[in-house]
Amino acid sequence: MENTDILISGAGIAGPALAYWLRRHGFRPVVVERAPAPRPGGQAVDLRGAGRTVVERMGLMERTRALCVEQRGIALVDRRGRHTARMPVELFGGEGIVSEIEILRGDLADLLREATDGVEYRYGDSVTALAEDADGVTVHFENSPARRFGLVIGADGLHSVVRRLAFAPGGGPEAHYRPLGGYHAWFTVHDPAFARELDSWFLMYNAPGGLVASARPGRLPGEVKASLGFRSDPLALDRRDGAAQRRLLAERFAGAGWEVDRLLTGMAGADDFAFDSFGQIHLDHYSRGRVALLGDAGYSPSPLTGLGTSLALVGGYLLAGELAAAAGDFRTAYARYEELMRPYVARAQELPPGGVQGYAPDSALMIRLRAASMRWMGRWPLRPILAAQFAKAGDIVLPDYPLPAHR
């Protein structure tokens, strides 16, 4: 491959992770991101299994631990805030629902981006067209001139523009998307009293009708990371209309109980509000020509699995390593990347017991049964079932790729 310039669309977790390894292997990555600037904060993401190994190989584990969110575990609560079930973080060796290492998405993205010193980042822009030929890809952008690249990697999330352009030019933006029957929103509430009341627990409340509200500690004093989720068939919602999404949530959750009114009040003023559906991406192949997909863009497992971050980090490591091992022969590298990733992805996309129904039970009886099952998670017969679910994050052997001297 003569042109070692590689465009990466997306500056979340997957994009910077790939950029780090590509640069270490001697390629010239360029990262383009639709957002006008790096997105701060965000919700806590799990760092577990092979994803943790990748961060260790980057030499970033010490800094990651310094930014971890302090959490004692997850607890289910009733309308009055009483704990009905708990899973301490130590259960399952720190690899349970709340893992030993939880870091805010924005903090992890910042660490990865800082580690890619020298990589070109272009914010406030997006890919609009791809024209591939025998020697490379001409990429057209929304706000800057067209440019030539040897390869293009879509790491731009669940609603990937690169996936739509390269894999489904006539099939619409969601051609490979499988809805799972629900929606969720996440945002930050600044409420010091509420933050103290959490007592370092990730609290989750279920209400009849498939409603879920949660609150967990942030990293900064007085910060509460909140989420509202609900079961639903697909809705005709504009994905970019945040005001309509907030109105929908306010209507659905009115009078739901526990501290939901407090969360709705905080949601109204949150400057980091985000809303999306629960869904997965399923593709027959992760590449087409010179274009490949990474992370949620290619194989989103949905937040229900807790494995999206691991897939992003592992995928970036493998894709860059295989491109280097194949001396830029992208066809060989892409085939090998898919061969290594697909079994790992298949296991990661297996939903926890009950799927979205287990996350958001729709009746008072099912809510009580959910609490009862959590109380039994550390005991037979549920413990081995759950242990197998949590072990998926480490269910891959990472190759060792020789690296040139660090520049």
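Both backbone and side-chain heavy atoms feed into the values below; hydrogens, waters and symmetry mates do not. Here, residue 1 is the first one in the sequence, and each next residue gets the next number.
- A side-chain donor-acceptor contact under 3.5 Å links Ser373 to the backbone of Arg370.
- The two residues Ala297 and Gly154 make their nearest non-hydrogen contact at CB-O, 3.5 Å.
- Judged by distance alone, with hydrogens and angles left aside, the side-chain atoms of Glu102 form a donor-acceptor pair with the main-chain N or O of Ser99 at under 3.5 Å.
- The shortest non-hydrogen separation linking Ala166 to Leu130 is CB-CD1, 4.2 Å.
- For residues 274-283, no pair satisfies salt bridge (Lys or Arg N to Asp or Glu O under 4.0 Å), with sequence neighbours left out.
- Look at Glu95 and Arg52 and you find a salt bridge, because one of the NZ, NE, NH1 or NH2 atoms lies within 4.0 Å of a carboxylate O, short of that distance.
- The pair Arg147-Glu120 meets the salt-bridge criterion, with a side-chain N (NZ, NE, NH1 or NH2) lying under 4.0 Å from an Asp/Glu carboxylate O.
- Applying the salt bridge (charged side-chain N to carboxylate O under 4.0 Å, His left out) test to Arg65 and every residue at least two apart in sequence or in another chain returns Glu100.
- Separation of atoms CE (Met374) and CE (Met87) is listed at 5.5 Å; rounding is to 0.5 Å.
- Taking every heavy atom of both residues into account, Gly295 and Ala14 meet most closely at CA-CB, 4.4 Å.
- Here the straight-line distance linking atom OG of Ser9 with atom CG of Leu294 works out to 11.0 Å at 0.5 Å rounding.
- The closest donor-acceptor contact from the side chain of Asp272 to the backbone of Phe187 lies at 3.5 Å or more, if one exists at all.
- Residues Tyr299 and Leu293 approach most closely at CE2-O, 4.1 Å, considering heavy atoms.
- Within the structure, every pair that satisfies the salt bridge (Lys or Arg N to Asp or Glu O under 4.0 Å) test and touches residues 342-356, not counting sequence neighbours, is listed here: Glu338-Arg342, Arg347-Asp395, Glu350-Lys392.
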>> Walk me through whether Asp296 and Leu311 qualify under side chain to side chain contact (heavy atoms under 4.5 Å, CB included).
In response: CA-CA 8 Å; Asp296 282 354; Leu311 289 180; over 6 Å; no
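- In this structure, Arg79 fails the cation-pi test against Tyr205, since its NZ or CZ atom is not both closer than 6.0 Å to the six-membered ring centre and inside 45 degrees of the ring normal.
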>> Apply side chain to side chain contact (heavy atoms under 4.5 Å, CB included) to residues Arg290 and Val152 and explain how you reach the verdict.
In response: CA-CA 6 Å; Arg290 290 177 174 267; Val152 173; over 6 Å; no
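- In this structure, Tyr121 and Tyr123 have parallel ring planes: the angle between them is below the 30° cut-off, well short of the 60° mark.
- Applying the salt bridge (Lys or Arg N to Asp or Glu O under 4.0 Å) rule to pairs touching residues 305-316 yields nothing, sequence neighbours excluded.
- Every residue two or more places apart in sequence or in another chain was checked for a ring-ring contact (aromatic ring centres under 6.0 Å, His included) with Phe149, and none qualifies.
- Nearest approach of Met267 to Ala250, heavy atoms of both residues: CE-N, 4.4 Å.
- In this structure, CG in Asp362 is found 4.5 Å from CZ in Arg231, a value given to the nearest 0.5 Å.
- Between the side chain of Gln349 and the backbone N or O of Ile281, at least one donor-acceptor pair lies under 3.5 Å.
- Residues that satisfy the ring-ring contact (aromatic ring centres under 6.0 Å, His included) test with Tyr334, not counting sequence neighbours, are Phe330.
- Taking both residues in full, the closest heavy atoms of Leu211 and Ala256 are given as CD1-CB, 4.3 Å, listed atom of the first, atom of the second, then distance.
- No donor-acceptor pair under 3.5 Å is formed between the side chain of Asn206 and the backbone N or O of Val212.
- Applying the 6.0 Å contact sphere to CG of Asp284 captures no more than 12 heavy atoms from other residues, nucleotides or ligands.
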> Can you check side chain to side chain contact (heavy atoms under 4.5 Å, CB included) on Tyr359 and Phe278, steps first, answer last?
Replying inline: CA-CA 11 Å; Tyr359 163 77; Phe278 286 113; 3.7 Å; yes
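- With sequence neighbours excluded, the residues forming a side chain to side chain contact (heavy atoms under 4.5 Å, CB included) with His140 are Thr128, Ala129, Thr138, Ala146, listed by chain and number.
- Within the structure, side chain to side chain donor-acceptor pair (under 3.5 Å) contacts touching residues 236-257 (residues at least two apart or in different chains) do not occur.
- Under a 3.5 Å cut-off, the side chain of Ser310 and the backbone N or O of Leu307 do not form any donor-acceptor pair.
- From Arg23, atom CZ reaches atom OG1 of Thr116 across 8.0 Å, with rounding to the nearest 0.5 Å.
- Among residues two or more places apart in sequence or in another chain, the ring-ring contact (aromatic ring centres under 6.0 Å, His included) test is passed with Phe275 by Tyr183.
- Shown are Leu108, Val45, Leu18; of these, the side-chain contact (heavy atoms from CB on, under 4.5 Å) with Ile13 is made only by Leu108.
- Side-chain atoms of Arg113 do not come within 3.5 Å of backbone N or O of Gly12 as any donor-acceptor pair.
- By the 4.0 Å N-to-carboxylate-O rule, Arg39 lies close enough to Glu33 to be salt-bridged with it.
- Listed by first and then second residue, the salt bridge (Lys or Arg N to Asp or Glu O under 4.0 Å) pairs involving residues 304-319 amount to none (not counting sequence neighbours).
- Applying the ring-ring contact (aromatic ring centres under 6.0 Å, His included) rule to His83 yields the partners Trp201; only residues at least two apart in sequence or on another chain are considered.
- Although no hydrogens or angles enter the test, the distance criterion places no donor-acceptor pair under 3.5 Å between the side chain of Ser160 and the main chain of Asp156.
- Under a cutoff of 6.0 Å and an axis angle of 45°, Arg57 and Tyr401 do not form a cation-pi pair.
- Distance check, rounded to the nearest 0.5 Å: CG of Leu151 to CG of Leu323 gives 6.0 Å.
- Put simply, the side chain of Arg86 never gets that close to the backbone of Ile74: no donor and acceptor are under 3.5 Å apart.
- Rounded to the nearest 0.5 Å, atoms NE2 (His184) and OG (Ser302) are 8.0 Å apart.
- Taking the salt bridge (charged side-chain N to carboxylate O under 4.0 Å, His left out) definition, one finds that Asp117 meets it with nothing, sequence neighbours left out.
- Under 4.0 Å is where a charged nitrogen must lie from a carboxylate oxygen, and between Glu197 and Arg262 at least one such pair does.
- More than 12 heavy atoms of other residues, nucleotides or ligands lie within 6.0 Å of CE in Met377, so this atom counts as buried by the packing criterion.
- Looking at Ser277, its side chain never comes within 3.5 Å of a backbone N or O of Gly279 through a donor-acceptor pair.
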> What's the verdict on side-chain hydrogen bond (donor to acceptor under 3.5 Å, both in side chains) for Ser144 and Asp125, showing C-alpha distance, side-chain angles and the deciding distance?
Replying inline: CA-CA 7 Å; Ser144 54; Asp125 209 350; 2.5 Å; yes
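- Other residues, nucleotides and ligands contribute more than 12 heavy atoms inside 6.0 Å of the CZ atom of Arg219.
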>> Please determine whether side chain to side chain contact (heavy atoms under 4.5 Å, CB included) holds for the pair Tyr177 and Gln280, giving the CA-CA distance in whole Å, both sets of side-chain angles, and the decisive distance to 0.1 Å.
In response: CA-CA 6 Å; Tyr177 175 74; Gln280 295 184 335; over 6 Å; no
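- Taking 4.5 Å as the limit, some side-chain heavy atom of Leu112 sits within range of a side-chain heavy atom of Met58.
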